[in-house]
Number of protein chains: 2
Amino acid sequence: MDVKSILLGFLMRGSMTGYELKKVFSISFSFFSGLSYGSIYPALKKMEQEGFITMRLEIQDGAPNRKIYTITDAGRKAFTEALRAPFSFERTKSSFLTKLFFFAYLSPEERIAAVTKHLESIKEVHRELEAARTEIEAHADRYQYLCFEFGLRFFDALTRNVSQVLRALEEKHAEVTT
Amino acid sequence: MDVKSILLGFLMRGSMTGYELKKVFSISFSFFSGLSYGSIYPALKKMEQEGFITMRLEIQDGAPNRKIYTITDAGRKAFTEALRAPFSFERTKSSFLTKLFFFAYLSPEERIAAVTKHLESIKEVHRELEAARTEIEAHADRYQYLCFEFGLRFFDALTRNVSQVLRALEEKHAEVTT
DNA sequence: TCGATCATGTAATTGGTTACATGATTGC
DNA sequence: GCAATCATGTAACCAATTACATGATCGA
């Protein structure tokens with residue numbers, strides 16, 4: 001699903017500004033995606049032209065004006081169509097795997113350091129996700145909670161997998177240095 | 001690592017044409033990446049201008065001419081620098097997770113069908129990877145073999161993870177329909 | 001007073017993909 | 001005769017990031 005469909009998905013629940021959409025997106029998708037204003041605002045503008053959303057300008061006193069976007073029937077239709085569209089499995093471009101592929105060109109120490117660092121950053125994202133638990137439990141619906149659990153298990157598995165690579169590298173290293 | 005660094009990585013082993021690079025890339029990276037001529041040829045041309053590779057035109061009789069690219073010292077340096085550069089953990093944009101997030105807008109049957117289909121495509125990629133085993137065992141170095149094993153374990157874990165989502169959906173569905 | 005939060009947007013650039021264009025040879 | 005393999009490339013397009021640009025208010 002593309003940015004537009006995701007934005008429509010959030011607008012299914014209620015009207016929002018671009019700024020607010022960025023926020024809910026960050027909270028909900030932080031651990032597996034990201035979105036910047038540079039793609040949100042142009043997407044909203046275009047969807048308004050296409051008739052998927054309507055805009056109401058709210059003049060605020062002492063604060064910047066806000067553009068509140070509301071989904072239309074055409075927008076709802078476009079969203080559910082996107083949701084029902086078959087999605088092909090996308091191959092994950094992993095810079096970790098790409099580097100591992102060329103590890104022969106690094107020294108044993110560099111190899112171990114690189115994998116250890118990668119492992120740390122995976123654990124860090126795992127911790128971040130775990131830290132969001134209460135927030136998620138309070139606001140997520142059943143399926144969004146399944147996403148959260150999926151994420152936790154995904155990072156658990158990834159940690160185990162990368163650890164195994166690390167162990168293999170350490171074994172080899174020990175073999176050579178002893 | 002970007003396309004250029006990957007191409008340089010392959011050229012570290014020996015000189016090749018763009019066509020051959022596409023082939024070795026597809027064999028080695030198929031399960032987690034992809035690369036098209038539309039990015040290979042312009043990248044080679046640019047790297048030649050930058051002095052990372054040199055080109056020798058081979059005139060062939062009865063076959064199209066080939067441009068054989070060879071890595072230079074500057075290219076080797078650029079490659080090892082890219083390999084040593086710290087790489088941040090990239091959040092995997094998963095269209096499966098994105099859809100799951102909005103599953104409330106699908107019917108129970110549609111949810112189960114979508115996840116079942118996704119599970120099938122993961123298993124398919126797993127089979128493809130397993131099918132490449134003999135090819136990989138014959139040509140891969142130690143680290144490339146670790147990539148292969150990482151891939152197998154990754155898809156195993158993914159299969160288990162998505163299966164768990166499916167079971168959760170089926171339980172709920174059974175609860176309602178019985 | 002300084003940084004965060006609210007709030008919107010554009011321009012330049014990146015890093016690709018897909019489709020198009022060409023054309024000979026080899027094997028079924 | 002037709003598909004696949006060899007071999008190179010361009011043009012149009014797409015989706016998104018990053019940096020730039022603006023500016024008020026609020027709390028520590």
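Here is how names work: the chains are called A, B, and so on, in the same order as the sequence lines, proteins then strands, and each is numbered from 1.
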Close side-chain approach of A/Arg111 and B/Tyr143, heavy atoms under 4.5 Å = yes
Set of residues satisfying ring pair (Phe, Tyr, Trp, His ring centres under 6.0 Å) with respect to B/Phe101, sequence neighbours excluded = A/Phe10, A/Phe29
May I have the distance from A/Asp2 (atom CG) to D/dA16 (atom P), rounded to whole angstrom?
-> 7 Å
Spacing between B/Lys45 atom NZ and C/dG15 atom C1', to the nearest angstrom = 17 Å
Short question: side chain of A/Arg56, backbone of A/Ile68 - any donor-acceptor pair under 3.5 Å?
-> no
Checking D/dC6, D/dG9, C/dT8 against the side chain of B/Tyr41 (C-beta onward), the nearest is D/dG9
Short side-chain N/O contact to D/dA15 OP1/OP2 from A/Ser39, under 4.0 Å | no
Report the distance from atom CE of A/Met16 to atom C1' of C/dA7, rounded to the nearest whole Å.
-> 16 Å
For atom NZ of B/Lys22 and atom C1' of D/dG9, their distance in whole Å = 14 Å
Could you check how far CD of A/Glu90 sits from C1' of C/dT17, rounded to whole Å?
-> 15 Å
Separation of B/Asn65 atom CG from D/dT8 atom P, in whole Å?
-> 9 Å
So, is A/Ser36 close to the D/dA16 phosphate, meaning a side-chain N or O under 4.0 Å from OP1 or OP2?
-> no
Across the strands shown, which category fits B/Lys23 at heavy-atom distances under 4.0 angstrom: base, sugar-phosphate, nothing?
-> sugar-phosphate
When you check the phosphate oxygens OP1 and OP2 of C/dC6, does a side-chain N or O of A/Thr17 lie under 4.0 Å from one of them?
-> no
Among the nucleotides D/dA7, D/dA16, C/dT8, which one has an atom lying closest to any side-chain atom of A/Arg66?
-> C/dT8
5'-most contact on DNA chain D (nearest-nucleotide basis), B/Gln60 vs A/Met1, goes to B/Gln60
Under 3.5 Å, side chain of A/Glu149 to main-chain N/O of A/Leu146, donor-acceptor pair present?
-> no
Measure from the side chain of B/Pro42, starting at C-beta and using heavy atoms only, and say which of D/dC6, D/dG23, D/dT10 lies closest.
-> D/dT10
For the atom pair CE (B/Met47) and CG (B/Leu11), what is the distance rounded to the nearest 0.5 Å?
-> 6.5 Å
Integer-rounded Å distance: C/dT22 P and B/Tyr19 OH | 19 Å
Per atom distances to the B/Pro64 side chain, the nearest of D/dG9, C/dG16, C/dG23 is C/dG23
Take atom CD1 of A/Ile59 and atom P of C/dA7, then tell me their distance rounded to the nearest Å.
-> 13 Å
B/Gly62 near the nucleic acid: base, sugar-phosphate alone, or nothing, with a heavy-atom cut-off under 4.0 Å?
-> sugar-phosphate
Toward the 5' end of DNA chain C, by each residue's nearest nucleotide, B/Asp61 or A/Ala63 = A/Ala63
